[in-house]
Amino acid sequence: LFGEVNQLGGVFVNGRPLPNAIRLRIVELAQLGIRPCDISRQLRVSHGCVSKILARYNETGSILPGAIGGSKPRVTTPTVVKHIRTYKQRDPGIFAWEIRDRLLADGVCDKFNLPSVSSISRILRNKIGNLSQQGQYESGKQAPHPPPQPALPYNHLYSYPTSKVPNPPGMPTLPGHMAMHRIWPSSHSVTDILGINIQLDQ
DNA sequence: CTCGTTACGGTTGAT
DNA sequence: TCATCAACCGTAACG
């Protein structure tokens, strides 16, 4: 709601992504064959931004902005997480500080890359929910209350209806994907189209 | 005129 | 709980 106005008269919030509804319209108009420069003028979004969103869309298939903020794991590497999971499985009542001691004792970590107790607690809470069963596998970012769609990288892909314009020699169209109905704009259709948790506004 | 790129001033969020 | 800091943001401007 607090925004600045760009040279084209459009409203934007510095540092924040454009609303999904607008991102979607950019892609839709392009799909309709409208030139990027015209989309820029019609929607009052800088052409640089239109260019970026369209480029991102046709290489990832997603209209969503990239993941902002956060940090890369430092000491809590996948290997460490795996060990923590094992300790917890073998002794569900184990304390975080005990896990910490074990990581050191077992030589999984040295005193410089040893996770803090609060890091371990967070891992236990976030990455290892109910230890009930859980695959022994690597990867997995398992959210306790997982949002509908799978936890793909960061942007889950979003493939568009009728193949046609942008199915470039890339890899877009995600694996399982239903055919979608043809719809034009209407901002409230975004969630339907994406089929996921997206807040259009705020 | 169109559009790819990028400096800039900004915000975010997992560690 | 709180700060850090590298990730991303859109605009403006250059070419």
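In what follows, every heavy atom counts, from backbone to side chain, and hydrogens, waters and symmetry copies are set aside. Letters A, B, ... mirror the listed sequences (proteins, then strands); counts begin at 1.
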Measure the distance between the ring centre of A:His47 and the centre of the six-membered base ring of B:dC3, then answer whether it is under 5.5 Å with planes under 30°. yes

For the pair A:Asn6 (side chain) and A:Leu8 (backbone), establish whether a donor and an acceptor sit closer than 3.5 Å, ignoring hydrogens and angles. yes

In this structure, would A:Ile120 and A:Ile94 fall into the same cluster of hydrophobic residues linked by side-chain contacts under 4.5 Å? yes

Give a yes or no answer on whether the side chain of A:Arg100 reaches the backbone of A:Val117 with a donor-acceptor pair at less than 3.5 Å. no

Tell me which nucleotide among C:dG10, C:dA12, B:dG13 gets nearest to the side chain of A:Lys52. C:dG10

Measure from the side-chain N and O atoms of A:Thr77 to the backbone N and O of A:Pro73, and report whether any donor-acceptor pair falls under 3.5 Å. no

Proximity to the side chain of A:Arg56 - top-ranked nucleotide from C:dG10, B:dT15, C:dC9: C:dC9

Counting any heavy atom closer than 4.0 Å, what does A:Cys49 reach on the DNA or RNA strands: base, sugar-phosphate only, or nothing? base

Strictly distance-based, threshold 3.5 Å: is any side-chain N or O of A:Asn58 a donor or acceptor partner for the main-chain N or O of A:Leu54? yes

Could you give the CG-to-P distance, from A:Leu18 to B:dG10, as a whole number of Å? 18 Å

Rounded distance (Å) that lies between atom P of C:dC8 and atom CG of A:Asn20: 17 Å

Would you mind reading off the distance between A:Arg125 atom CZ and B:dA14 atom P, rounded to a whole angstrom? 12 Å

Identify which nucleotide among C:dG10, B:dC3, C:dA7 has an atom closest to any side-chain atom of A:Lys72, counting heavy atoms from C-beta outward. C:dA7

Round to a whole Å and report the spacing from CG of A:Asn126 to P of B:dG13. 15 Å

Is there a donor and acceptor pair, one atom on the side chain of A:Asn14 and one on the base of C:dG10, closer than 3.5 Å? no

Remember a base hit wins even if backbone is also touched, and classify A:Arg122 as base, sugar-phosphate or nothing at under 4.0 Å, heavy atoms. base

Looking only at the side chain of A:Ser46 (C-beta and beyond, no hydrogens), which of the listed nucleotides B:dT2, C:dC8, C:dT11 gets closest? C:dT11

Among B:dT2, C:dG10, B:dG13, which is the nearest nucleotide to the side chain of A:Arg35? B:dT2

Quick note, A:Arg41 side chain, CB onward, closest among B:dG13, B:dT2, C:dC8 is B:dT2

Calculate the interatomic distance between A:Glu4 atom CD and B:dT11 atom P; express it in whole Å. 9 Å

A:Ile26 CD1 to C:dG10 C1': how many Å, rounded? 10 Å

Length of the line joining A:Arg74:CZ and B:dG13:P, which is rounded to integer Å: 17 Å

Quick one: A:Asn6 CG to B:dG10 P, roughly how many Å, whole number? 17 Å

Within the structure shown, what part of the strands sits under 4.0 Å from A:Gln7 by heavy-atom distance: base, sugar-phosphate, or nothing? sugar-phosphate

Option from A:Ile39, A:Val45, A:Asp38 for which side-chain contact (heavy atoms from CB on, under 4.5 Å) with A:Arg41 holds: A:Asp38

Looking for any heavy atom pair under 4.0 Å, which part of the strands does A:Val45 touch: base, sugar-phosphate only, or nothing? sugar-phosphate

Need to verify one output field. Residue with the more 5' nearest nucleotide on DNA chain B, A:Ser51 or A:Arg16? A:Ser51

For C:dG10, does either OP1 or OP2 sit under 4.0 Å from a side-chain N or O belonging to A:Arg23? yes

